[in-house]
Structures are given as structure tokens and as C-alpha cells.
Amino acid sequence: MPKAALITKPQKPEMQTILPELVEWLNARGYEAVLDPESAAYLNCSDQAVERNDMPEQNPEVVISLGGDGTLLSAARAFSHTDTPIIGVNLGSLGFLTEVPVAELYQTLEAWRDGTAIVDCRSLMQAELTRDGRTFRQWYALNDVVLSKGAIARMGEFAVELDGEFVASFRADGVIVSTPTGSTAYSLAAAGPILFPSVDAMVVTPICPHLLTIRPIVVPGKSSICVTVEGVPHETVLTVDGQEAVEILLGDRVVCRKSDRRVKLLRLHKNGLFQVLRSKLSWGEL
């Protein structure tokens with residue numbers, strides 16, 4: 001029996017109605033629902049839950065993410081090494097990436113089944129944290145990798161290299177390395193540029209730099225961006241897509257590159273970037 005993976009956001013009361021109906025719809029069409037722990041909890045069958053990182057082993061034909069952009073980002077990382085398409089259903093407040101409203105969920109599923117759904121391919125970024133000359137952790141990110149200070153109001157000191165060439169050293173609250181998809185997330189809030197998702201590039205955006213001469217830069221997608229921590233205040237962390245986190249130590253190096261892996265997002269309509277900017281971020285409004 002073919003399978004469909006369900007990944008949901010916790011503490012959403014409406015899921016008590018949406019999930020049973022969705023599972024019934026899938027079963028009626030010959031699909032077995034693979035549930036993450038959050039989905040299983042809503043359906044009172046936690047013993048059937050599959051951890052998100054283990055869900056690709058079930059070989060589902062589609063992933064249905066029910067929540068906000070954070071839920072979709074988590075699903076994207078879990079399935080980063082597969083070609084499984086993801087339907088991002090918006091149950092959050094903004095939903096910049098999760099463009100499918102609940103009212104269009106079943107229409108989108110039918111479009112996926114008959115091959116008429118819009119497929120939007122987004123590039124992933126690979127990040128590697130090296131410590132004491134050795135690889136410490138690796139991640140894939142759909143939005144961004146962020147090095148930022150903790151609660152104490154003291155700036156960090158960072159150095160940036162591009163393909164081995166020194167760019168600059170500066171003091172700031174942090175540094176964001178983002179994909180084109182992530183250019184409309186934290187990077188945008190830190191005065192970074194907006195990139196079309198199809199652009200072959202990455203963005204390096206300082207967070208509240210101490211010098212006015214330090215500005216965001218757009219680099220070619222084939223570049224290797226290395227951020228070295230030269231001075232680190234207490235509780236400085238590296239976060240991936242705003243979710244996975246690890247403490248950063250003095251001398252740590254973070255290398256970011258465009259990955260060969262891509263995420264396939266499904267939607268019913270072909271929404272242009274500027275339409276999404278206008279509807280989600282009030283682009284151009286006075």
C-alpha cells in the first residue's frame with residue numbers, strides 16, 4: 001500500500017477535526033498514513049508514531065505538512081535526501097512558505113495525484129561546523145544558518161571568507177547565511193535583500209553590525225562561505241532554520257555551501273513572488 005507522511009504542529013485544536021478527516025480521505029484512496037509523534041498524539045495512537053527523521057525510511061509518496069513555516073522547514077530537513085514532494089498547509093499566522101490553505105488541501109492532493117499540481121523546487125544549503133580542526137556537526141537548511149549572541153548585550157566578533165579569500169572581520173550581534181528562499185526570513189528582518197527563489201546565490205547578512213560600512217552581500221551559489229568566530233560572548237549559538245541549535249565556541253568555523261539537494265514544494269496555484277510579498281508582508285502598502 002502506498003504511504004503519505006503527515007507532519008503536524010502541536011497545540012493546534014483544529015487538528016482534532018482535520019487529521020481524522022485527512023486520514024480517512026487517504027485510506028479511502030488506498031494510502032496508509034505515516035504519523036509523526038505530534039500527529040499520532042492528536043489521533044490518540046502514539047504507539048504508531050514514527051520520528052520525523054525516520055519517516056523517509058517508510059518511503060512515502062508525499063509529505064503533508066500541517067502547521068506554519070516552521071513545520072514545513074522541519075519536514076524539508078527530514079526529507080532533504082529524498083525527492084518526496086511536500087504539501088505545506090498553512091495553519092500558522094504568516095505562512096510565507098506554506099501557501100496551501102486548509103480549504104484547498106484536498107484539491108491540492110487531487111492535483112498531485114493527477115499530475116497537475118505546481119512543483120516549486122527550492123535549493124538547500126549545506127552547513128558544516130568544524131571545531132579544533134574536525135567536523136563537529138553537519139546540517140541541511142532550507143532557509144538559513146544563523147550565528148547569534150545570547151541574552152547578554154555584548155557583540156560577537158566574526159570573520160568571513162569567500163572561497164578562501166578574506167572578506168572582512170567585524171563585530172555584530174551575529175551573522176546570517178541564507179538561501180534565496182531564506183532571503184525573505186530573518187535576513188530580510190536584518191535589512192538583507194530579497195532574492196527570487198530561482199536565483200543561484202546565497203546571502204551573507206550581518207545582524208546589527210557595529211560599523212556602518214558592513215552591509216549584506218550576495219554571493220554566487222557555487223561559493224563556499226566560511227564564518228569564523230573570533231570573539232564570542234556567553235551563550236552564543238548556531239541555529240539552523242530557527243530550530244536546531246548548538247552552542248558556538250571561540251575558534252569555531254562554519255562553512256556553508258549550496259547543496260545538490262532540493263526540496264519539492266507542491267501547490268495548487270502558480271503564485272508569483274510579488275503576489276506573496278504583497279499578501280504576506282504587505283509589500284508596497286503605504
Side-chain angles (χ1 to χ4, degrees), residues 9 65 67-77 80 88 90 92-99 122-129 137 139-158 160 167-168 170-197 199 201-210 214-219 221 223 225-227 229 232-233 235-248 252 254-259 263 265 273 276-277 279-283:
K9 182 177 181 177
S65 167
D69 285 352
T71 309
L72 177 59
L73 290 169
S74 177
R77 290 197 308 279
S80 61
N90 182 23
S93 57
L94 180 61
F96 196 89
L97 294 174
T98 49
E99 295 185 40
R122 300 293 182 96
S123 298
L124 290 167
M125 177 171 61
Q126 180 179 356
E128 178 181 281
L129 171 61
R137 291 281 298 275
W139 302 269
Y140 288 95
L142 177 57
N143 261 0
D144 51 35
V145 172
V146 180
L147 289 77
S148 61
K149 68 180 183 64
I152 296 178
R154 176 186 167 196
M155 289 184 289
E157 298 176 18
F158 307 94
V160 176
V167 176
F170 54 89
R171 300 179 67 202
D173 283 353
V175 182
I176 306 166
V177 183
S178 76
T179 66
T181 297
S183 70
T184 51
Y186 193 2
S187 177
L188 178 62
I194 295 174
L195 271 62
F196 274 82
V199 171
M202 293 186 289
V203 184
V204 183
T205 307
I207 304 172
C208 298
H210 185 252
I214 298 297
R215 288 291 182 264
I217 56 173
V218 179
V219 302
S223 302
I225 302 166
C226 178
V227 181
V229 181
V232 56
E235 296 181 346
T236 296
V237 295
L238 180 152
T239 57
V240 180
D241 283 342
Q243 296 175 342
E244 301 186 39
V246 62
E247 184 178 5
I248 294 295
D252 281 357
V254 181
V255 178
C256 299
R257 303 180 180 89
K258 179 182 175 181
S259 173
V263 172
L265 303 180
L273 174 64
V276 176
L277 288 172
S279 62
K280 302 293 185 177
L281 298 181
S282 302
W283 175 275

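The first residue of the sequence shown is numbered 1, and numbering continues consecutively from there.
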Student: Between I225 and V167, does the side chain to side chain contact (heavy atoms under 4.5 Å, CB included) criterion hold? Intermediate values first, please.
Tutor: CA-CA 10 Å; I225 302 166; V167 176; over 6 Å; no
Student: Tell me which pairs pass side-chain hydrogen bond (donor to acceptor under 3.5 Å, both in side chains) where either residue lies in residues 183-194, with sequence neighbours left out.
Tutor: S187-T205
Student: With rounding to the nearest 0.5 Å, note down the distance linking NZ in K9 to CG in N90.
Tutor: 9.0 Å
Student: Considering all heavy atoms of both residues, which atom of A185 and which atom of N143 are nearest to each other, and what is their separation?
Tutor: CB-ND2, 3.7 Å
Student: Testing the basics here: between V263 and A76, what is the closest heavy-atom pair and its distance to 0.1 Å?
Tutor: CG2-CB, 3.9 Å
Student: Any side-chain to backbone donor/acceptor pair from T239 onto E244? Under 3.5 Å, distance only.
Tutor: no
Student: If every non-hydrogen atom of A201 is compared with every non-hydrogen atom of V218, which pair is closest and at what distance?
Tutor: CB-CG1, 3.8 Å
Student: Provide the closest heavy-atom pair for G70 versus Q243 in the form atom of the first, atom of the second, distance.
Tutor: O-NE2, 2.6 Å
Student: R122: which residues meet the side-chain contact (heavy atoms from CB on, under 4.5 Å) condition with it, sequence neighbours left out?
Tutor: L97, D120, L142, T181, P197, L265, R267
Student: Look up atom SG in C226 and atom CZ in R257, then write down how far apart they are to the nearest 0.5 Å.
Tutor: 9.0 Å
Student: To the nearest 0.5 Å, what is the distance between OG1 (T179) and CG (L124)?
Tutor: 8.0 Å
Student: Between P180 and V199, what is the shortest heavy-atom contact and its length?
Tutor: CG-O, 3.1 Å
Student: Among L238, I207, V175, V240, which residue meets the side chain to side chain contact (heavy atoms under 4.5 Å, CB included) test with V146?
Tutor: I207
Student: Atom CZ in F158, atom CD1 in I248: separation rounded to 0.5 Å?
Tutor: 8.5 Å
Student: Considering the options V203, V177, I176, which one meets the side chain to side chain contact (heavy atoms under 4.5 Å, CB included) requirement together with D144?
Tutor: I176
Student: Return the CE to CG distance between M202 and L195, rounded to the nearest 0.5 Å.
Tutor: 11.0 Å
Student: What's the shortest heavy-atom distance between Y140 and R77, and which atoms?
Tutor: O-CD, 3.0 Å
Student: Which residues pass the side chain to side chain donor-acceptor pair (under 3.5 Å) test with T71, sequence neighbours left out?
Tutor: none
Student: Drop me the distance from D173's CG to M155's CE, to the nearest 0.5 angstrom.
Tutor: 7.0 Å
